[in-house]
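Below is one structure, written out as structure tokens, with a few remarks after it.
In what follows, chains carry the letters A, B, and so on, assigned in the order in which the sequence lines appear, proteins first and then strands, with residues in each chain numbered from 1.
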There are 2 protein chains.
Amino acid sequence: MVHPDQVVAQQARPRPTLLSMNGVEAKVIEALRKQGEISRTDITNLTGWSKAKTSQKIRELVNKGLLVEVGEGASQGGRRPRLLRINDRLGYLVGLDIGATSLDIALADVGGKICQRRSALVDVRQAPEEYLKDCRALILEMASAQGCLPDQILGIGIGVPGPVDFGRGVLVAPPLMPDWENYHIGDFFQPAFPSAFVVVDNDVNIMALGEQRAGDGAGIDHFIFVKIGTGIGSGIVSNGKIHRGSYGSAGDIGHICVDKQGPICRCGNTGCLEAMAAGPAISEKAMLAAKNGSSPLLRQMMEVNGGVLRPEDVNAACREGDQAALDIIRASGEMIGDVLAGLVNFFNPSHIFIGGGITNFGNHLLVAIRRAVLRRSLPLATTHLAINFSRMGPDIGVTGAIALVNEYLFQPEA
Amino acid sequence: MVHPDQVVAQQARPRPTLLSMNGVEAKVIEALRKQGEISRTDITNLTGWSKAKTSQKIRELVNKGLLVEVGEGASQGGRRPRLLRINDRLGYLVGLDIGATSLDIALADVGGKICQRRSALVDVRQAPEEYLKDCRALILEMASAQGCLPDQILGIGIGVPGPVDFGRGVLVAPPLMPDWENYHIGDFFQPAFPSAFVVVDNDVNIMALGEQRAGDGAGIDHFIFVKIGTGIGSGIVSNGKIHRGSYGSAGDIGHICVDKQGPICRCGNTGCLEAMAAGPAISEKAMLAAKNGSSPLLRQMMEVNGGVLRPEDVNAACREGDQAALDIIRASGEMIGDVLAGLVNFFNPSHIFIGGGITNFGNHLLVAIRRAVLRRSLPLATTHLAINFSRMGPDIGVTGAIALVNEYLFQPEA
DNA sequence: GAGCTTTGTTTATAAATTAAACAAAGCTCT
DNA sequence: AGAGCTTTGTTTAATTTATAAACAAAGCTC
């Protein structure tokens, strides 16, 4: 039984020599990544090293080109600190957030700061080569706009909407994208970006990582990030680290059973959470309400929309105070909350962040989720539990993807 | 947000100076604890140190009295290795497994080898002082029989049947033992065992730890230990470590909802797994079957038993082929399996170990659990999943309790 | 019993780390 | 303005730590 962390080398090729570092250097880089621009004295405090050792190590890292001095900070009552930063000029990182129908790409410097951003509507249900060719073209375009040569791209982090065998870096039995099964995405990018270290993970895991690195998840040891959209999934952080499980498929809560008598899900089982509470179920229920006359407003919206209702429309109806729409959203929230209640008992997180397409909905969903969780979880597990929408915007996926590859790039060599 | 590991010092008093050690020494001890008796060369390989460094460090540890040489091993084609072991004479550890109605105590040497063992039937629903006085008397009796002075007891690991705030070392809202709420067990033992380091944890967590240290859980990164008895609980191992959650209450799966229309549980909710599938539910269903005539065998057993049926009786009836008894056991298994299916999707363990009072039942329960899990979990999560009864006997609790305190005793100082 | 292997220690050397002194820069308060 | 203090950072010399290589002990194999 091998932990994913130990096999990531199988997923990506040997990393560029410029970035290969030992444990000591990695500690400095880690401190810098977390804190941004810091002084030598800060590093002394963060690492516990002596001033002499810090001074020496920093000199080496600056000589190597990994760090640069970026000027002086404000005086704390004495000599002004000389601030250090990871050398942006080292190269760039790419974050890819592959959705069912959308593609988000960001180009960032090695410090993780996004400098180019693209979004596109692409359907993932095509051959992976075709899809990835488009990705590659976009990346090259963004790199070119940034004045970055393909060789300067040091890492590509990728989130995909399906179960990932993280150790091998391939999708396994992905319902949304069957053609991608066992396709090695890293190998595709290798020729075009010879210096890049490629890491593939589940899309929700990278969102959890984004929340942890750049959102409200910072410093929280145990939390769950729940994505509600076309599907429902979750990313788990245990002890400050992504928990991927023994086969990399942890967090797949969309197919937990809510109602054995419920409708048949695309996974083959009956009454899965995803089939009953996610976007498509909301649309269906709303269209039913429109047709059977229980909501004139929804009927009207449906006519305007050309015969379909999207979850956003139901949300709009909610805002108008439409009772049927409210009931639909509340029912979804209650089902999601019921499942989360069980997971809260089991996992005892201190926070649950909710994101995905449904996030910009009003509070009806959140309130329903909270109520269901509080009703059905043990008091000990909920007294210190916060359930909130993620406050990160649409960049959460690419941010997490960049953080993912960043983490592995700046890891000490085995 | 503080992780339990970081606050354990609050739970126990400063450890005896003899055992205080730095990281380097802890590494040797850890290797020794895992491997038993090993040579200096083995330590060289396990730690990656040079022969000279190992030789030097071992000499220091032997001089300190932490290690002893215990003779020579078999030759591997050259000079025979001189085997080292943790010095048993350093002192003793106590493992306490407190059940609802039973108490198990073991006295072990610091290497973890049990040398005295007691079990008693004691009801936990009394004032903690009274209960713990009996425990203390038993420990003193065992110590005396072993020739161990109270001062030589270096650690006491305790498992209790209720939610534990692990950081503080107290029970929080324990349903079975309300009088124990916020009672600090460590403080009770301090006067009698002044050298002892006391660690309290949930009973299922210590069973999981026992399975990991001395059972089939060795070397497995992600597993769940499920205890089925009067209640149903679980211990979670993520990344090789017990996952206690943000408030120490993780693993409490007994109150996950199985059927919203189900009976009212003692927790106040309806249709909890525990209320529907654990020992008492099995007994009740069996007594109903005895009364309503659907099982003449159960009726007969109930008469012999003086009007009650225990889960063991239902099991006996199963072995006789009684259909009603089989149905009851299978129904329990299916409900447990349904809940586990969700947790498998969420957590993706590679193994589930099932223990507790129901363990010595036949395979009907296990088969029903497996079938339900396989039916309702995603294929990716179950292809490599093993679900089995724990093969550890009734010592699993005390073994885990000893392992728990052992782990904290031989930890490097902060 | 010669020659090899494995285990473990010693020693001389090299590397890493530190404390302390020093230097640079800036603040504060008179 | 400038004396005295603070903070930041470097240099130095001393100390600690770790290593490679030689050595020693013990035992196997043929």
Could you state the atom-to-atom distance from [atom1] of [X] to [atom2] of [N] in whole Å?
X: A/Q76; N: C/dA25; atom1: CD; atom2: P; result: 18 Å
X: B/R40; N: D/dA26; atom1: CZ; atom2: P; result: 13 Å
X: A/R82; N: D/dT7; atom1: CZ; atom2: P; result: 19 Å
X: B/W49; N: D/dA20; atom1: CH2; atom2: P; result: 16 Å
X: A/E72; N: C/dA24; atom1: CD; atom2: P; result: 14 Å

Report task. Tell me which nucleotide among C/dT6, C/dG8, C/dA23 gets nearest to the side chain of B/S39. Result -> C/dG8

[Y] backbone acceptor or donor facing [X] side chain under 3.5 Å:
X: A/H222; Y: A/N239; value: yes
X: A/S55; Y: A/K51; value: no
X: A/D88; Y: A/D109; value: no
X: B/D42; Y: B/S39; value: yes
X: B/E211; Y: B/D216; value: yes

Query raised in the report: OP1, OP2 of D/dG27 versus side-chain N and O of B/S75: anything below 4.0 Å?
Result: no

Report task. Using only side-chain N and O atoms of B/R80, determine if any of them is under 4.0 Å from OP1 or OP2 of C/dG8. Result ->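 It does not, given that no N or O in the side chain of B/R80 lies less than 4.0 Å from OP1 or OP2 of C/dG8.
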
Query raised in the report: According to the Watson-Crick and G-U wobble definition with distances under 3.5 Å, which dot-bracket string, read 5' to 3', encodes DNA chain D, using [ ] for crossing pairs and | for pairs with another strand?
Result: ||||||||||||||||||||||||||||||

Report summary line: The reported gap from CG in A/N63 to CD1 in A/I58 (rounded to nearest 0.5 angstrom) is 11.0 Å

Requested in this report: Describe, in one word, how the ring planes of B/F223 and B/F353 are oriented to each other, choosing from parallel (under 30°), tilted (30 to 60°) and perpendicular (over 60°).
Outcome: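 B/F223 and B/F353: perpendicular rings.
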
**Report entry** salt_bridge(B/D201, B/R244) N-O dist < 4.0 Å
**Finding:**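 Looking at B/R244 together with B/D201, the answer is yes, because their closest N to O distance falls below 4.0 Å.
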
Query raised in the report: Among residues 51-63 of chain A, which residues get a heavy atom nearer than 4.0 Å to DNA chain D?
Result: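 Hits under 4.0 Å, by residue number: A/K51, A/A52, A/S55, A/R59.
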
**Report entry** Base C/dT6 paired with B/R79 side chain (donor-acceptor, <3.5 Å)
**Finding:**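 When only heavy-atom distances are counted, B/R79 does not reach the base of C/dT6 through any donor-acceptor pair under 3.5 Å.
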
**Report entry** Full working for salt bridge (Lys or Arg N to Asp or Glu O under 4.0 Å) between A/E69 and A/R82
**Finding:** CA-CA 7 Å; A/E69 291 201 352; A/R82 290 158 64 190; 3.0 Å; yes

